[in-house]
Amino acid sequence: MAAPYNHKAIEKKWRENWEKNPVNVKSDENGKREKYYCLDMFPYPSGSGLHVGHWRGYVISDVWSRYKLLQKYYIVHPMGWDAFGLPAENYAIKMGVHPAVSTAENIKNFKKQIDEISALYDWDMEVNTTDPDFYKWTQWIFVKMFKEGLAYEKEFPINWCPSCKTGLANEEVVNGKCERCGTEVTKKNLRQWMLRITKYADRLLNDLDKLDWPEKVKKMQAEWIGKSYGAEVDFPVDGTDEKITVYTTRPDTLYGATFMVLAPEHALAAKLATDETREAVEKYIYDSSMKSNVDRLQDKEKTGVFTGSYAVNPLNGAKTPIWLSDYVLADYGTGAIMCVPAHDERDFEFASKFNIPIVQVIAKDGVEIENMTEAYTEASGTMINSGEWNGMESSVLKKEAPHIIEEKGFGRATVNFKLRDWVFSRQRYWGEPIPIVHCPDCGAVPVPENELPLTLPEVDSYEPTGTGESPLAGIESWVNTTCPVCGKPAKRETNTMPQWAGSSWYFLRYVDNGNSEALVSKEKADEMLPVDMYIGGVEHAVLHLLYSRFYTKFLYDIGAVDFEEPFKKLFNQGMIGKNGIKMSKSKGNVVSPDDLVRDYGCDSLRMYELFVGPPELDAEWDDRGIDGVYRFLNRVWNLVMDNKDKDIEATKEMIKIRNKMVYDITTRLESFSLNTVISGFMEYNNKLIDLAKKSGGIDNETLSTLAVLLAPFAPHIAEELWQQLGHEGTVFNAGWPAYDKEKMKDDEKEIAVQINGKTRAVITIPADSSKEEAIAAGKEAIADKLTGTIVKEIYVPGRIVNIVQK
RNA sequence: GCCGAUGUGGCGGAAUUGGCAGACGCAUCAGACUCAAAAUCUGACGUAGGCGACUAUGUACCGGUUCGAGUCCGGUCAUCGGCACCA
C-alpha cells in the first residue's frame, strides 16, 4: 500500500519549491515567451477578510493563468489594493486610527489569505492606490486632464448623499439612492470638479464593438451612454424675440405638436409667465427645486403649470401653449420639448390631464383612430394631418425630417447622449487630494507636475463637515499656499477624488510600479500591456469598467500608452450565496476559506470553487459538497500511486481514453465551462480506475497526462504526481497535451433503436457500419415489436436507428 | 412599463447544439470490511404500476413544427438582474 494522500505535506512542499524555483518565467530554452496578462479586479482591503465568494474569482483567474502558463506564455498576474474609500475613513472616525494604519493592517491580513490560494501572483508588481508613489500618477493624470480642458469646475445641483456627506457621480446613484449606503440622495448646489467624459461618448460607444466582453455588459454601457438621433427645432415665442429650442427624436411628428413643455429649471421658465400666471409659475419653479430626485421620479401623476405664453410652430404657424413640468429634465437635450400627445405616452398623459388637444399625425392601419385612449407609439405608418407631409411613410420621414428642418432654417439634425459629465470631487478625507491651487489672480492653477505627489496632510478629525467642504479645509497650514504661477498667497483645493480615480488606471501601473519618471515606461508597456483577460464581478459594468475605458482613451490621446482599450476580454463570475442570499459579513452567512484549506487542502477548495456551478452564474454554497472533490483527489492519488511502478504498456483502450480526456478537458476549458471540466476529471478518473482493474494497470503516459491536465486546477498534487511518475522538473514545463482525433475513435458504437422516436432497444454495432447494416441490425433487435407498415427508416451515424411505422 | 437572463430528481447541476433526459457530485438507503465506529469499497436512487427482464409518464405551463423537442417556433406564468419620465 502506498502512502495515503497527505495534502498538508504536499502543499507545503510545493509551495516552498515554487518559492525557490518560480514556474512562471519570461523566457525558456525556446527563447522569450509571449506574455499573457490575466487580471483580477483588485479588492478593497476591508476589515472582514476574504470569504469563499472572493476566492471563486481568484481561482478562476488563476486556473486560466496556469492553463496559459502550460501553453508556454509568460503570465502577468498581479494583485494590489484599491485602498482609498469610506470604510477605512469611517473606522478612523470611530476609532481615531489613521486610515493608513488600519488599511496597512487589512492589507497584511488579505495578503495572508490570498496566499492560501497558491495563485501565480507576482507580489513584486503589487500596487496600493493610497501609496503616494502611486497616487502621484493619479494626480498627474488629473493635471493632464485639466490642461487638456477635460477637468473643469462647475457649480450646479449635484447628487448629495446626506449619510456619506459627499457628492456622488450619476453612476453612483442607484434608484435614487446612494450606491454605497442606500441613503436617499438629495440635491445640493455645490462647486464641483467635473471630468468631461461626454467628449468621449462616441468613442466609448463605438469601440464596444472591438471588445470580447459579455454582451450584457456591452449593452449596459451602450444604454448608459444612450446615444439618440434627432433634431433641434426652434419655436419662436409668440409676441417676443425669444425662441425655444427643443430636442426631438421624432421630427416627423412636428405637425402633431400641440403644446410645449420646459423644465422648471429652464432659463426662460420664469420669463414666460404673464401677470395672471406669474404667481403660479414661480411657486411651481420653487416647489420643483425643493423636490428630491426620488420624489420627482416617484410622482406618478404628472404635474405642471401653464406659463401664459405661446410658441409658434415654425412649420405651420400654429400657436401652442407653453407649459412647465418636472417630467422634462433640465440637463438633457435643451431642457425643453415639443409635445406630441398622440404619439408619446408621457405627452398623452399630460395632455389628457390638462385637456390639451391631441392631433394624430400617423395613421394606424391606414386610418385615423377615433377617440384615442392611449398614445399610438408605432413609428411606422402613413402621415396624416401633416400638410405637405401627408401620405409619406413616417419611418422614412423620421430620417429625412431633420434635413428638411435644417434646409428650412429653423432647426438642425443633432444627436444626444444620456451620458453626463463625471462629478469627480468628494468632500471626504481619505482620497487623493485634487492637485489644484486657487489663486485670486490666476484662478485655478494645477500643482506643477514636479511637485507631485501632493500628499494628504494629517488631520485632527476625519469627520466630514457636511457643509460641502472636505475635512482638509480645516487645516490652515495645508490650505494656505502660494500660487505656482504668480507666487502670491493662494488656497489649495480641498476636495478629494472619488475611489474610482485609482482603479481607473491601476492595471497600467502594475507592470512598472517603481517608475518615478513616468506612469509606465514605453518598454514595460510594450512588453506587458494591455490586459488580455479581466476577471471580476458584474457590479462594475457601468462604473469602473466605463471609467477605465475613458482613462485609457485619454492616456492614449496624450501618448502615454499606445492602445485605446484596456481590457481585451472580460469575464464576469457569479456571486456565491448561502441560504439563498449573497454571502457577506453583515448577513452572517460567511464561509471562511481558512478552515476549508486546513481540513481539505488548497487543491480541494480550488476545485470545489469551480465545481459548485457554472462560473458565470451565481451559486449556492454547500458545505458538504467539498467532500466530493476531496474524495476525487484521493482516488486520483491512489490510482497514480498504485500504478506508477507497474511499467504497463499502453493499450489501444488506454490511448483512446487518454486522447478523449485531453480533448474533453481542453474544449471545456476553452469554453470556460469550468464546472464540467471538474466533472470530466471525475468521469475519466473513474474510467481509468475501472480500466486499471481490468488491464492490471495504466501506462505512465496516460497517468502523466492526467497530472498535467490537473495542474491548473490542483497545482500541488499535480506537481507531486508528476514527480512520483518519474519526471524531472516542474509539471508546468510539460506543455499542454495535444490530442489526436484519430486515436479517439471507437471500434464499436452503442446505438439506440427507436420505433417512432421511442427507444425500444440498445444495440452495439461496428463503428464503420453502413446505413443499411445499422438499420438491418436495428430491425433485428426489435423484430417482435415491428407490427405496422414501415414508412421511413432513419439512421443517425453512431447514435440512433429510428423505424417509422404506421 | 421596457430590455435581458433563468426555470431539468430531495439538492448543485450535465446533455457533443434536434438524436438513449438526469452525466458528475452531494444527500439518502442497502451490502462488504470492522469487536465497533470512522474511512474505504460495492450496489440502489425522477414518478406511477408490476415479483419480474418491463410498461406508462416526465425537463415551469398551453399549443405548434418534426420520424424524433430540455433544445426550434408562438403564447402564458414565475424568479432574478439591468434600465426606468433621456422626449
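The basis for the numbers below is simple: all heavy atoms, side chains too, and nothing from hydrogens, waters or symmetry mates. Computed from a predicted structure; not experimentally measured. The chains referred to below are lettered A, B, ... by the order of the sequence lines, with proteins before strands, and numbering in each begins at 1.
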Inset, instruction - Mind checking A:Ser228 for me? I need base, sugar-phosphate or nothing, with any heavy atom below 4.0 Å counting as a touch. - result: sugar-phosphate

Inset, instruction - Choose from B:U42, B:G19, B:G12 the nucleotide whose nearest atom is closest to any side-chain atom of A:Val796. - result: B:G19

Inset, instruction - Give a yes or no on whether a salt bridge exists between A:Asp623 and A:Lys578, defined as a side-chain N under 4.0 angstrom from a carboxylate O. - result: yes

Legend entry - Cationic N near anionic O, under 4.0 Å, A:Asp740 to A:Lys745: no

Legend entry - Between C1' of B:C26 and CE of A:Met607, the distance in whole Å: 16 Å

Legend entry - Pairing string, 5' to 3', for RNA chain B - Watson-Crick or wobble contacts under 3.5 Å, brackets [ ] where pairs cross, | to another strand: (((((((..(((......[....))).(((((.......))))).((((....))))..(((((..]....))))))))))))....

Inset, instruction - Ignoring backbone atoms, establish whether A:Tyr332 has a side-chain N or O less than 4.0 Å from OP1 or OP2 of B:A87. - result: yes

Inset, instruction - Return the value, rounded to whole Å, for the distance between atom CZ of A:Arg631 and atom P of B:A27. - result: 5 Å

Legend entry - Interatomic distance at C1', B:G9 relative to B:G46, whole Å: 5 Å

Inset, instruction - Figure out the CG/C1' separation between A:Leu546 and B:G82, and round it to whole Å. - result: 15 Å

Legend entry - Near-ring test A:Tyr332/A:Phe417, centroid separation under 6.0 angstrom: no

Legend entry - 5′-ward residue of the pair A:Leu617/A:Asp690 relative to RNA chain B: A:Leu617

Legend entry - A:Lys218 and A:Glu215 ion-paired at < 4.0 Å: yes

Inset, instruction - Would you mind reading off the distance between A:Gln754 atom CD and B:C67 atom P, rounded to a whole angstrom? - result: 14 Å

Inset, instruction - Provide the distance between the two C1' atoms, one in B:A69 and one in B:C62, to the nearest whole Å. - result: 16 Å

Legend entry - A:Lys302 to A:Tyr327 six-membered ring, cation-pi geometry met (6.0 Å, 45°): yes

Inset, instruction - Considering only atom C1', compute the distance from B:C24 to B:A32 and round it to an integer number of Å. - result: 25 Å

Legend entry - Donor-acceptor pair under 3.5 Å, A:Arg799 side chain vs B:U16 base: yes

Inset, instruction - Syn or anti for B:G9, please, going by whether the chi angle lies within 90° of 0. - result: syn

Inset, instruction - Could you work out which one of B:U42, B:U57, B:A87 sits closest to the side chain of A:Val328? - result: B:A87

Inset, instruction - Round to the nearest Å and state the distance from A:Arg668 atom CZ to B:C24 atom P. - result: 11 Å

Inset, instruction - With heavy atoms under 4.0 Å as the rule, sort A:Arg420 into base, sugar-phosphate or nothing. - result: base

Inset, instruction - Please work out which of the three classes, parallel, tilted or perpendicular, describes the rings of A:Phe681 and A:Phe713, given edges at 30° and 60°. - result: perpendicular

Inset, instruction - Please tell me which of the listed nucleotides, B:G13, B:G82, B:C67, lies nearest to the side chain of A:Asn675? - result: B:G13

Inset, instruction - Give the nucleotide from the list B:C24, B:G13, B:A27 with an atom nearest to the side chain of A:Pro614. - result: B:G13

Legend entry - Nearest to side-chain heavy atoms of A:Ile337, which nucleotide of B:G82, B:C67, B:A87: B:A87

Inset, instruction - Measure from CG on A:Asp599 to P on B:A39 and round the result to the nearest Å. - result: 14 Å

Legend entry - Among B:U57, B:G25, B:A56, the one nearest A:Lys758 by side-chain distance: B:U57

Inset, instruction - Considering only atom P, compute the distance from B:A23 to B:G13 and round it to an integer number of Å. - result: 15 Å

Inset, instruction - Using a 4.0 Å heavy-atom cut-off across all strands, classify A:Asn686 as base, sugar-phosphate, or nothing. - result: sugar-phosphate

Inset, instruction - Would you check if A:Trp422 and A:Met194 make a side-chain contact, meaning some heavy-atom pair closer than 4.5 Å? - result: no

Inset, instruction - Please tell me which of the listed nucleotides, B:C67, B:G25, B:A23, lies nearest to the side chain of A:Ser679? - result: B:A23

Legend entry - Closest listed nucleotide, where the reference is the side chain of A:Ala752 and the choices are B:C41, B:C24, B:C20: B:C20

Inset, instruction - Write down the distance separating the P atoms in B:G19 and B:G68, rounded off to the nearest Å. - result: 15 Å

Legend entry - Cation over ring face, A:Lys687 and A:Tyr684, 6.0 Å, 45°: yes

Inset, instruction - Quick one: label A:Val612 by what it contacts on the DNA or RNA (base, sugar-phosphate, nothing), any heavy atom closer than 4.0 Å. - result: sugar-phosphate

Inset, instruction - State which of B:C20, B:G19, B:C24 makes the closest approach to the side chain of A:Glu683. - result: B:C24

Legend entry - Short side-chain N/O contact from A:Lys582 to OP1 or OP2 of B:G81, under 4.0 Å: no

Legend entry - Distance test, side-chain N/O of A:Lys687 to OP1/OP2 of B:A23, below 4.0 Å: no

Inset, instruction - Could you tell me whether A:Lys660 contacts a base, only the sugar-phosphate backbone, or nothing, with contacts defined as non-hydrogen atoms closer than 4.0 Å? - result: nothing

Legend entry - Phosphate OP1/OP2 of B:C41 contacted by A:Asn638 side-chain N/O (<4.0 Å): no

Inset, instruction - Could you give the distance separating B:C72 and B:U16 at their P atoms, to the nearest angstrom? - result: 12 Å

Legend entry - Separation of atom CD in A:Glu620 from atom P in B:U79, rounded to whole Å: 18 Å

Legend entry - Interatomic distance at P, B:C2 relative to B:U76, whole Å: 11 Å

Legend entry - Syn/anti label of B:U17 as read from its glycosidic torsion, with the cut at 90° from 0: syn

Inset, instruction - Return yes if the base of B:C85 and the side-chain atoms of A:Lys302 contain a donor-acceptor N/O pair under 3.5 Å, otherwise no. - result: yes

Legend entry - Aromatic ring proximity A:Tyr608/A:Tyr630, centre distance under 6.0 Å: no

Inset, instruction - Between B:U47 and B:G52, how far apart are the P atoms? Round to whole Å, please. - result: 15 Å

Legend entry - Spatial distance of atom CD (A:Glu609) from atom CD1 (A:Ile60) [nearest 0.5 Å]: 8.5 Å

Inset, instruction - Can you tell me the distance, in whole Å, between the CD1 atom of A:Ile751 and the P atom of B:C20? - result: 12 Å

Inset, instruction - Quick one: sort the A:Phe571 and A:Phe672 rings into parallel, tilted or perpendicular, breaks at 30° and 60°. - result: tilted

Legend entry - From B:A87, B:C67, B:C41, nucleotide with atom closest to A:Tyr327 side chain: B:A87

Inset, instruction - Could you tell me whether A:Glu793 contacts a base, only the sugar-phosphate backbone, or nothing, with contacts defined as non-hydrogen atoms closer than 4.0 Å? - result: nothing

Inset, instruction - Just call it for A:Lys216: base, sugar-phosphate, or nothing, with non-hydrogen atoms closer than 4.0 Å on any strand. - result: sugar-phosphate

Inset, instruction - Indicate, with a heavy-atom threshold strictly under 4.0 Å, whether A:Asn756 touches base, sugar-phosphate, or nothing. - result: sugar-phosphate

Legend entry - Contact nearer the 5' end of RNA chain B, comparing A:Arg624 with A:Ile794: A:Arg624

